[in-house]
S.K.: 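Here it is: the structure, laid out below.
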Amino acid sequence: MAQFQAVKGAKDIFPEEIVRWHYIEEVIRSVTALYGFSEVRTPVFEYTELFQRGIGSTTDIVGKEMFTFLPDPNGRSITLRPEMTAGVMRAFLQKNPGGGVPVHKLYYISDLFRKERPQAGRQRQFTQFGAELLGVSSPAAVVEAISLMMQVFGTLGLHGLKLRINSLGDLEDRSRYREELRRYLEPYRDELDEASRERFEKNPLRILDSKNPAVQGIVAGAPKLLDCIKPEGRAEFDRVLGYLADRDIAYEVDHLLVRGLDYYGHTAFEVVSSELGAQDALGGGGRYDALSKELGGSAEIPAVGFAVGMERLIIAMEKQGLFAALSPRGPQVFVVLQDAGLEEHAMRIADRLRRAGVTTETDLAGRSMKAQMREANRLLAGFALFVGQDEVASGNFTLKNLRTSEQVTLALDAIPGVLLESSKL
RNA sequence: GUGAUUGUAGCUCAGGUGGUUAGAGCGCCAGGUUGUGGCCCUGGAGGUCGGGGGUUCGAGUCCCCUCAUUCACCCCA
């Protein structure tokens, strides 16, 4: 029988890599705290309609990438969450049905599921760190979200990132622009690729971010979305840009940036890294004021948020050598026993050391002393404690410092103190 | 869903035009040191050559199918 493998697009994470996750998570928790964000956890699945309404039924995510199933024959269709924003908004609305609540600042580090073909920086189960600011979407709020995201990157030591930003305007602006774009593209219709021709009908804005060089050439001369935005919207966007400049956050206005999810409006942004290969977006976000009503909320709740791909973050950090300082920590002591007959003594001693707060490893496989010493070395143990007939009889034990190779003989009671003292250095 | 790529020991990989018992490095185990690691030396274990079918006297090598991997497209974090 063939051995089982992890499901396509799903990854196991072992201790060597977990230390990286812990490190990044720690940074995220401390930086979000600086900005007053608190963690939120929502269910991994939601009713399918939530995503259809929230993300938009014409998007690829909803159209072909969701893991959807029926829990029982007559049950409602359920979907493993492909993103977090819709779920967080749903949770918020469910908790605060009447609205009229103060601003909420929430962050999450959560697993998501998308049925895509895996490739570099893309998995079917993946993790996003993200933050949502609910109740305001003022220029100050937008900049707070962006600056939180950038500060996380900065604290992690990432460099060479590019922040791209654009305004998508409101619904009216966009429909006006849609027509203008169609008028511009009409003459080039035959030169567009098949996908773009289809988008011409359904969602012409998405032609803008095509990767096809021929299409990019055509699109380069297209009218700009920003020019179709009403003066108020334009003024707000300029304030966002002003605040960013004030904060020394470098950005680049990208007229071709249109986010793929339907709920975005006004300011949208993304951060790309050249370390990532084809899937170069490290994070992205924007305002989504329209989402709350789309999900049945009684009032429109202004909101801004962003999401960052954790696996991509790890790839980029790895490429920049930012994990070098993460040194593995071994046990403070390894209890080495002379022969298997002393196992009981060794276990008792290990127990005593652990109760005293000393991280302790011991041989569990009844192996030779040489093998035990090798194991101690492999585990990067600080000390070896020898347990033999003589020690048990006399109550005095040999403790060897595995860095310096120095040995001392000590009464058992003195050992925890020595070990705890030495690990402070 | 489409295209390409790769699949040989636990890991990283060698194995011109098909030819006898399939190799290396690292790792693992043991010994050299009958109570002592890291270095060194010696030895050992470990392989349905992804799976199935075919061509052939003979297939790791050639052909077909299949599964899996990786990268890219689509799209997105």
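Computation of the quantities below employed the complete heavy-atom set of this structure, encompassing side-chain atoms and omitting hydrogens, waters and symmetry-equivalent molecules. The chains referred to below are lettered A, B, ... by the order of the sequence lines, with proteins before strands, and numbering in each begins at 1. This structure is a prediction, so every number in the text was calculated from the model and none was measured.
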S.K.: Going by an N to O cut-off under 4.0 Å, is there a salt bridge joining A:Glu26 and A:Arg29?
M.R.: no
S.K.: By the 4.0 Å heavy-atom rule, please label A:Ala281 as base, sugar-phosphate, or nothing.
M.R.: sugar-phosphate
S.K.: For side-chain contact (heavy atoms from CB on, under 4.5 Å), just list the numbers for A:Phe51 and A:Met66, CA-CA rounded to whole Å, side-chain angles, deciding distance to a tenth of an Å, and then say yes or no.
M.R.: CA-CA 9 Å; A:Phe51 301 119; A:Met66 298 205 300; 3.8 Å; yes
S.K.: Let's go through A:Glu180 and A:Arg183 carefully: what are the C-alpha distance in whole Å and the side-chain angles of both, what is the deciding distance for side-chain contact (heavy atoms from CB on, under 4.5 Å) to 0.1 Å, and is it a yes or a no?
M.R.: CA-CA 5 Å; A:Glu180 205 164 307; A:Arg183 266 199 299 282; 4.0 Å; yes
S.K.: Starting at atom CG of A:Asp60, determine the distance to atom P of B:rA77, rounded to an integer number of angstrom.
M.R.: 12 Å
S.K.: Only pairs at least two apart or in different chains count here, so list each salt bridge (charged side-chain N to carboxylate O under 4.0 Å, His left out) that has a residue in residues 146-162 of chain A.
M.R.: none
S.K.: With P as the reference atom in both, quote the distance from B:rU61 to B:rG16 in angstrom, rounded to an integer.
M.R.: 11 Å
S.K.: Using the C1' atom as the reference point in each nucleotide, state the distance between B:rC65 and B:rU21 in Å, no decimals.
M.R.: 32 Å
S.K.: Could you give the distance separating B:rG37 and B:rA45 at their P atoms, to the nearest angstrom?
M.R.: 25 Å
S.K.: Extract from the structure each pairing of a protein N or O with an N or O of nucleotides 2-12 of chain B at less than 3.5 Å, listing the distance.
M.R.:
{"unit_1": "B:rU2", "atom_1": "O4", "unit_2": "A:Arg117", "atom_2": "NH1", "d": "2.8"}

S.K.: Going by distance alone, is a donor N or O of one side chain under 3.5 Å from an acceptor N or O of the other, for A:Thr79 and A:Thr68?
M.R.: yes
S.K.: How would you label the contact of A:Gly130 with the nucleic acid (heavy atoms, under 4.0 Å): base, sugar-phosphate, or nothing?
M.R.: nothing
S.K.: Below the 4.0 Å mark, does B:rA77 have OP1 or OP2 next to a side-chain nitrogen or oxygen of A:Gln123?
M.R.: no
S.K.: Whole angstroms only, please: what is the CG-P distance between A:Leu276 and B:rC71?
M.R.: 12 Å
S.K.: Residues two or more places apart in sequence or in another chain: which of them pass salt bridge (charged side-chain N to carboxylate O under 4.0 Å, His left out) with A:Glu294?
M.R.: A:Arg53
S.K.: Can you tell me which residue pairs pass the ring-ring contact (aromatic ring centres under 6.0 Å, His included) test with a partner in residues 26-49 of chain A, sequence neighbours excluded?
M.R.: none
S.K.: Please list all pairs passing the ring-ring contact (aromatic ring centres under 6.0 Å, His included) test where one or both residues lie in residues 175-220 of chain A, with sequence neighbours left out.
M.R.: A:Tyr184-A:Tyr188
S.K.: Check the distance between B:rC71's C1' and A:Glu116's CD and give it to me in whole angstrom.
M.R.: 15 Å
S.K.: Please name all residues satisfying ring-ring contact (aromatic ring centres under 6.0 Å, His included) with A:Phe306, sequence neighbours left out, ordered by chain then number.
M.R.: A:Phe129
S.K.: Assess the residue pair A:Trp21 and A:Thr127 against the criterion (side-chain contact (heavy atoms from CB on, under 4.5 Å)); give the C-alpha distance rounded to whole Å, side-chain angles, the decisive distance to 0.1 Å, and a yes or no.
M.R.: CA-CA 11 Å; A:Trp21 285 80; A:Thr127 308; 3.7 Å; yes
S.K.: Roughly how many Å apart are B:rA4 and B:rG46, using the P atom of each and rounding to a whole number?
M.R.: 41 Å
S.K.: Please state whether the phosphate of B:rU69, meaning OP1 or OP2, lies under 4.0 angstrom from any side-chain nitrogen or oxygen of A:Lys11.
M.R.: no
S.K.: Quick one: side chain to side chain contact (heavy atoms under 4.5 Å, CB included) partners of A:Arg354, sequence neighbours excluded?
M.R.: A:Ala350, A:Thr360
S.K.: Stem ranges for RNA chain B, with three or more consecutive Watson-Crick or G-U pairs under 3.5 Å?
M.R.: B:1-4 with B:70-73, B:10-13 with B:23-26, B:28-32 with B:40-44, B:50-54 with B:62-66
S.K.: Return the value, rounded to whole Å, for the distance between atom CG of A:Asp280 and atom C1' of B:rA72.
M.R.: 13 Å
S.K.: With heavy atoms under 4.0 Å as the rule, sort A:Lys8 into base, sugar-phosphate or nothing.
M.R.: sugar-phosphate
S.K.: Using whole Å, report how far CG of A:Leu257 lies from P of B:rA77.
M.R.: 11 Å
S.K.: Once each nucleotide of nucleotides 33-40 of chain B is scored for protein heavy atoms under 4.0 Å, what B/S/- sequence comes out, 5' to 3'?
M.R.: --BBBB--
S.K.: Please state the C1' separation for the pair B:rG60 and B:rG15 - nearest whole angstrom.
M.R.: 8 Å
S.K.: Between B:rA72 and B:rU6, how many Å separate the two C1' atoms, rounded to a whole number?
M.R.: 15 Å
S.K.: For nucleotides 41-46 of chain B, give me every protein contact, N/O to N/O, under 3.5 Å, one pair per line with atom names.
M.R.:
none

S.K.: Of A:Leu313, A:Val308, A:Leu322, which meets side chain to side chain contact (heavy atoms under 4.5 Å, CB included) against A:Ile24?
M.R.: A:Leu313
S.K.: Counting only heavy atoms not in A:Arg403 (residues, nucleotides, ligands), do more than 12 fall under 6.0 Å from its CZ?
M.R.: yes
S.K.: For A:Thr404, check side chain to side chain contact (heavy atoms under 4.5 Å, CB included) against everything at least two apart and list the hits.
M.R.: A:Asn401, A:Glu406
S.K.: For A:Arg206 and for A:Pro118, find the nucleotide of RNA chain B with the closest heavy atom, then tell me which residue's nucleotide is more 5'.
M.R.: A:Pro118
S.K.: Can you tell me how far C1' of B:rU70 sits from CD1 of A:Ile315, to the nearest Å?
M.R.: 13 Å
S.K.: Considering only atom C1', compute the distance from B:rG52 to B:rC39 and round it to an integer number of Å.
M.R.: 49 Å
S.K.: Whole angstroms only, please: what is the CD-C1' distance between A:Gln5 and B:rG51?
M.R.: 13 Å
S.K.: Tell me whether the OP1 or OP2 atom of B:rA72 has a side-chain N or O from A:Gln119 closer than 4.0 Å.
M.R.: yes
S.K.: What interatomic distance, in whole Å, is found between P of B:rG47 and the corresponding atom of B:rA22?
M.R.: 13 Å
S.K.: Output the single nucleotide from B:rA72, B:rA77, B:rA30 whose closest atom is nearest the side chain of A:Arg312.
M.R.: B:rA77
S.K.: Using the ring centroid of each side chain, check whether A:Phe92 and A:His104 are separated by less than 6.0 Å.
M.R.: yes
S.K.: If you only use heavy atoms from C-beta on, which nucleotide in B:rC71, B:rU69, B:rC73 is closest to the side chain of A:Ala120?
M.R.: B:rC71
S.K.: Checking A:Glu275 now: which residues fulfil side chain to side chain contact (heavy atoms under 4.5 Å, CB included) with it, not counting sequence neighbours?
M.R.: A:Ser273, A:Ala316, A:Lys319, A:Gln320
